[in-house]
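In this chain, residues are counted from 1 in sequence order.
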Amino acid sequence: MQTLSTTSLQVRDNQLWILDQQALPQKKIWCATPDVAALVDHIKTLRVRGAPLIGLSASLLLALLAENGMPQPALIEALEVLRASRPTAVNLMNNLDRMKLALAQEHYVTALTFEALRLVEEDKVLCDNIAAAGARLIKPRSRLLTHCNTGGLATAGVGTALGVIARGWQEGRVEKVWVDETRPLLQGGRLTAWELGELGVPYRLICDSMAASLMAKNQVDAVWVGADRIAANGDVANKIGTYSLAVLARYHNVPFYVAAPHTTLDAHCPNGDAIPIEQRAASEVTGVAGSFGEVQWAPQDAQVYNPAFDVTPASLISGWVLDTGVVTPAQIEAGIFQPAG
């Protein structure tokens with residue numbers, strides 16, 4: 001396969017390399033990913049994260065395994081193991097469905113490589129289109145609030161919600177960004193703050209629990225978040241804490257936007273209740289770990305509830321910004337999940 005490089009993925013020496021997002025921003029470490037077991041471990045430990053990026057990493061690895069001589073039956077098994085690695089992020093399933101079609105072709109090695117590279121290039125275009133569509137919704141001198149990380153670290157391109165914010169900044173419409181820390185794994189504090197700093201976008205980092213006080217003081221003009229899965233009725237699964245922001249935004253009359261590629265839509269999922277929500281390790285809540293080491297603050301026997309995602313009902317969302325355009329609440333109420341054009 002040709003040499004390839006995005007913010008978080010590289011293909012070199014015919015091997016996949018992952019930027020360790022658990023080590024950022026203190027360290028920039030590229031992890032070799034020679035096989036399925038390695039990638040599954042990277043996904044489960046969130047070294048690689050972000051719904052689009054997870055799907056792309058799985059697709060690239062399958063293509064590389066095929067090029068390196070893995071037989072077709074073993075590739076089919078590998079594909080299904082990867083599919084089960086992150087149940088909420090539907091981009092992974094959508095990408096692997098396309099790779100499965102390529103795998104069924106006579107010249108499957110060539111087909112897998114072509115499809116994986118096409119998915120990467122498509123994602124870059126999707127991100128650009130999302131940014132263009134979303135930036136038009138940002139009013140001049142906006143103070144925006146975002147949750148988790150939705151930038152170039154999570155995609156092959158400029159990102160989804162963070163791509164919109166960056167475009168808005170470039171066009172002179174963004175005054176500053178409030179960055180939720182995003183407990184318990186601090187993707188906002190570690191990753192979004194770092195990306196905005198690299199882009200030169202003014203930001204201030206806040207604890208998740210501070211958003212309400214900012215909205216009460218009229219310091220937030222809109223909330224922008226990404227999505228790991230969008231159900232057919234417009235309900236959205238995203239990083240835990242997103243639903244809380246949507247409730248706060250509705251109470252304070254603050255627009256709440258979701259930015260995601262069309263590959264995040266799941267037409268077979270009727271509503272948010274049908275979205276599988278991953279439960280993660282208790283250790284993520286009882287303490288903290290990172291490139292600096294590990295600290296535990298809770299009692300050893302503390303019982304923990306730690307869902308990775310929550311579901312925001314469509315009724316709380318002001319607009320769904322896709323690469324194909326903006327879907328409005330009126331369209332959702334009419335049962336039409338298609339941009340107005």
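Using a 4.5 Å heavy-atom threshold, the side chains of L75 and L112 count as touching. Put simply, the side chain of D180 reaches to within 4.5 Å of the side chain of I206, judged on heavy atoms. Annotation: side chain of T7 is not in contact with side chain of L53 (no heavy-atom distance under 4.5 Å).
Between the side chain of R173 and the backbone N or O of G168 there is no donor-acceptor pair closer than 3.5 Å. A donor-acceptor pair is defined here as one N or O able to donate and one able to accept, closer than 3.5 Å; such a pair exists between the side chain of W320 and the backbone of G234.
Each of R49, Q187, R190 was compared with Q21 under the side-chain hydrogen bond (donor to acceptor under 3.5 Å, both in side chains) criterion, and only R49 meets it. Checked against H262 for a side-chain hydrogen bond (donor to acceptor under 3.5 Å, both in side chains), the options D323, T324, N129 give a single hit: D323. In summary, of the residues considered (D228, T264, D266), a side-chain hydrogen bond (donor to acceptor under 3.5 Å, both in side chains) with N91 occurs for T264 alone.
Transitive grouping of hydrophobic side chains (ILVMFWY, heavy atoms separated by less than 4.5 Å) keeps V158 and Y257 in distinct clusters. Both L64 and L9 are assigned to one and the same hydrophobic cluster, defined by single-linkage of ILVMFWY side chains at heavy-atom distances under 4.5 Å. Cluster membership check: L65 shares its hydrophobic cluster with L119, using side-chain heavy-atom separations under 4.5 Å among Ile, Leu, Val, Met, Phe, Trp and Tyr. Note: the hydrophobic cluster containing L46 does not contain V36 (ILVMFWY, side chain heavy atoms under 4.5 Å, direct or indirect links). Both L96 and M70 belong to a common hydrophobic cluster when Ile, Leu, Val, Met, Phe, Trp and Tyr are linked at side-chain heavy-atom distances under 4.5 angstrom.
Within the structure, every pair that satisfies the side-chain hydrogen bond (donor to acceptor under 3.5 Å, both in side chains) test and touches residues 75-84, not counting sequence neighbours, is listed here: E80-R83, E80-K100, R83-D97.
Using a 4.0 Å cut-off between charged side-chain N and carboxylate O, E175 and R143 make no salt bridge. A salt bridge is absent between E121 and R118: the closest approach of a Lys/Arg side-chain nitrogen to an acidic carboxylate oxygen does not fall below 4.0 angstrom. A salt bridge links R47 with D41: the distance from a Lys NZ or Arg NE/NH1/NH2 to an Asp or Glu carboxylate oxygen falls below 4.0 Å.
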Which atom pairs, donor and acceptor, lie under 3.5 Å between side-chain atoms of residues 244-256 and protein residues at least two apart or in another chain?
unit_1	atom_1	unit_2	atom_2	d
R250	NH1	S315	O	3.2
R250	NH2	S315	O	2.7
H252	ND1	L248	O	2.9

**Message:** Using side-chain contact (heavy atoms from CB on, under 4.5 Å), reason through L16 and V11 one step at a time and then give a plain yes or no.
**Reply:** CA-CA 5 Å; L16 178 65; V11 173; 4.2 Å; yes
**Prompt:** Going through the checks in order, is the side-chain contact (heavy atoms from CB on, under 4.5 Å) test met by W224 and T150?
**Reply:** CA-CA 10 Å; W224 282 88; T150 56; over 6 Å; no
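For the pair K239 and F309, the cation-pi criterion (under 6.0 Å, within 45° of the ring axis) is fulfilled.
Shown here are the side chain to side chain donor-acceptor pair (under 3.5 Å) partners of E181, two or more places apart in sequence or in another chain: there are none.
Here Q15 contributes atom CD and Q10 contributes atom CD; the two are 11.5 Å apart, rounded to the nearest 0.5 Å.
Under the 3.5 Å distance criterion, with hydrogens and angles disregarded, a donor-acceptor pair is assigned to the side chains of E67 and T113.
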